[in-house]
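Below: the structure, in structure tokens.
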Amino acid sequence: MNPLSGREFSPFYVMELVRQAQEYEDVVHFEIGAPDLPPPPGVRRALQKAVESGAFGYTESRGLEELRRKIAEHYGRRYDLDLDPARVIVTPGSSLAFLIAYEMLAGPGDRIAMADPSYPCYKNFAAMVDAQPHFVEVGAEQGYLLDPRSLEGVSRLRAVHISTPSNPTGTLYPPERLRALALWCRERGVALISDELYHGLVYDQREHTALEYSDEAIVINGFSKSFCMPGLRLGWMVVPPGMVRMAEILAQNLYLSAPTLSQYAALEAFDYDYLEEVRQTFRRRRDWLHGELSQILPVSAPPDGAFYLWCDASGYCDDARRLSEELLRQVQVAVTPGIDFGRNGTKRALRFAYTRPIEEMEEGIARLRRFFS
Ligand SMILES: Cc1ncc(COP(=O)(O)O)c(C=O)c1O
């Protein structure tokens with residue numbers, strides 16, 4: 001008997017690559033999608049204090065009130081929005097927020113639109129609620145962005161799910177497109193889910209949240225990327241007022257409460273001077289890697305944010321997965337092959353993460369030059 005009742009879940013190839021990379025010494029890592037910088041200094045102190053004060057119980061399912069208030073204030077500071085903390089639900093990583101959103105919005109046979117390529121877990125969360133992912137192919141011609149025009153006529157469409165800036169392409173939705181999507185969704189009673197986990201890591205433009213354009217949008221964010229706290233497993237979602245209770249009930253059932261120690265630590269995460277240093281560090285790395293890498297492989301998506309460059313390896317191979325295995329075997333450079341992120345143009349794509357210092361990336365680029373010459 002199939003224990004998954006015929007549902008299909010795809011594995012994360014990059015995790016296998018990370019495992020393979022451990023078998024080699026002296027690997028240069030371009031595959032890791034997590035920041036290498038420490039969290040804001042106050043976070044460590046708050047965590048220690050929480051341990052000493054014995055904060056080992058559950059919290060309220062929606063999360064500590066003080067943390068939800070600070071998250072709401074963050075929307076005031078960053079986007080000039082007045083957000084009611086009652087609409088914030090704290091989650092164990094942003095990952096569980098997707099599950100809550102999908103559980104609330106879609107059931108068997110319903111469709112959730114998402115870009116191809118996009119973050120691989122979205123389609124797996126759709127499978128968990130027996131919904132169908134509706135993949136919209138986006139490439140260089142579409143600027144790697146979803147356009148409302150490509151969504152017309154999709155039957156049983158319950159939600160449109162975007163990520164801005166995107167993993168794997170690093171592309172940011174400009175305000176006009178975000179507004180157009182938000183309005184299109186609102187007019188048709190379709191939910192807009194905006195994954196804004198990489199906000200804070202946008203380099204040349206102002207970032208906009210979908211909440212600026214619609215109170216009906218579900219916005220998901222967290223502490224794993226720009227706050228440099230991935231292992232504390234903490235995220236949040238902002239839901240429309242009418243969905244708060246349902247989201248709370250799902251949170252109670254799925255995880256009771258997000259990790260308590262992490263929530264206390266996160267109270268000190270909104271250290272804007274430090275967060276700006278983090279952003280500048282990643283910006284320098286992006287500029288450097290983009291300059292170097294484009295002499296070897298075309299970078300096909302505009303690297304607006306997050307910490308990824310999406311590259312076209314078709315000049316060298318038909319199968320980027322094989323290429324990534326050869327890179328690891330021959331020159332000990334670990335890179336993520338595109339196939340993790342969908343089917344559209346992914347077979348010959350590679351995703352480079354700039355999550356290591358420039359000195360390490362210099363060695364990686366030297367090895368790549370050797371390999372490709
Ligand atoms: C676009 C995107 N969304 C969500 C996640 C989930 O992260 P977490 O559960 O650590 O918040 C990731 C992780 O890499 C991601 O890249």
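Just so you know, these numbers use all the heavy atoms, side chains as well, and skip hydrogens, waters and symmetry mates. Every value quoted in this text rests on a predicted model; they were computed, and no experiment measured them. Indexing begins at 1, ligand by ligand and atom by atom, following the structure's order.
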With heavy-atom distances below 4.0 Å as the criterion, list the atoms of ligand 1 near [X].
X: G93; result: 9 (O), 11 (O)
X: S94; result: 4 (C), 5 (C), 6 (C), 7 (O), 8 (P), 9 (O), 11 (O)
X: K225; result: 13 (C), 14 (O)

Would you please say whether a donor-acceptor pair under 3.5 Å links the side chains of [X] and [Y]?
X: Q280; Y: R283; answer: yes
X: Y102; Y: H161; answer: yes
X: D147; Y: Q142; answer: no

Any V43 side-chain heavy atom under 4.5 Å of F223 side chain:
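With C-beta onward as the side chain, the pair stays apart.
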
Does K123 use its side chain to pair, donor to acceptor, with the backbone of S118 at less than 3.5 Å?
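A pair under 3.5 Å: no.
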
Verify, without hydrogens or angle tests, whether S373 (side chain) and R370 (backbone) share a donor-acceptor contact under 3.5 angstrom.
yes

Do ligand 1 and R233 have nitrogen or oxygen atoms that lie under 3.5 Å from each other?
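So ligand 1 has an N or O lying under 3.5 Å from an N or O of R233.
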
Any nitrogen or oxygen of N167, side chain or backbone, less than 3.5 Å from one on ligand 1?
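Yes; the residue has a nitrogen or oxygen that sits under 3.5 Å from a nitrogen or oxygen of the ligand.
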
Derivation and outcome, salt bridge (Lys or Arg N to Asp or Glu O under 4.0 Å), residues R367 and E363:
CA-CA 6 Å; R367 292 183 194 183; E363 173 60 24; 2.8 Å; yes

Please list the nearest protein heavy atom to atom 9 (O) of ligand 1 with its residue and the distance rounded to 0.1 Å.
S95 OG, 2.6 Å

Which residue holds the protein heavy atom closest to atom 3 (N) of ligand 1, what is that atom called, and what is the gap in Å?
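Nearest neighbour among protein heavy atoms for atom 3 (N) of ligand 1, to 0.1 Å: D195 OD2, 2.7 Å.
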
Closest to atom 5 (C) of ligand 1 among L197, L232, V14 (heavy-atom distance)
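Considering heavy atoms of L197, L232, V14, the nearest to atom 5 (C) of ligand 1 sits in L197.
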
Any heavy atom of F223 sitting closer than 4.0 Å to ligand 1?
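It does not, in that no heavy atom of F223 comes within the 4.0 Å cut-off of ligand 1.
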
Which one holds for F98 and ligand 1: side chain close, backbone close, both close, or neither close, with close meaning a heavy atom under 4.0 Å?
side chain

At a non-hydrogen distance cut-off of under 4.0 Å, which region of S224 contacts ligand 1 (side chain, backbone, both, or neither)?
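For S224, the contact with ligand 1 is made by the side chain alone.
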
Identify whether the distance between the nearest side-chain nitrogen and carboxylate oxygen of R279 and E276 falls below 4.0 Å.
yes

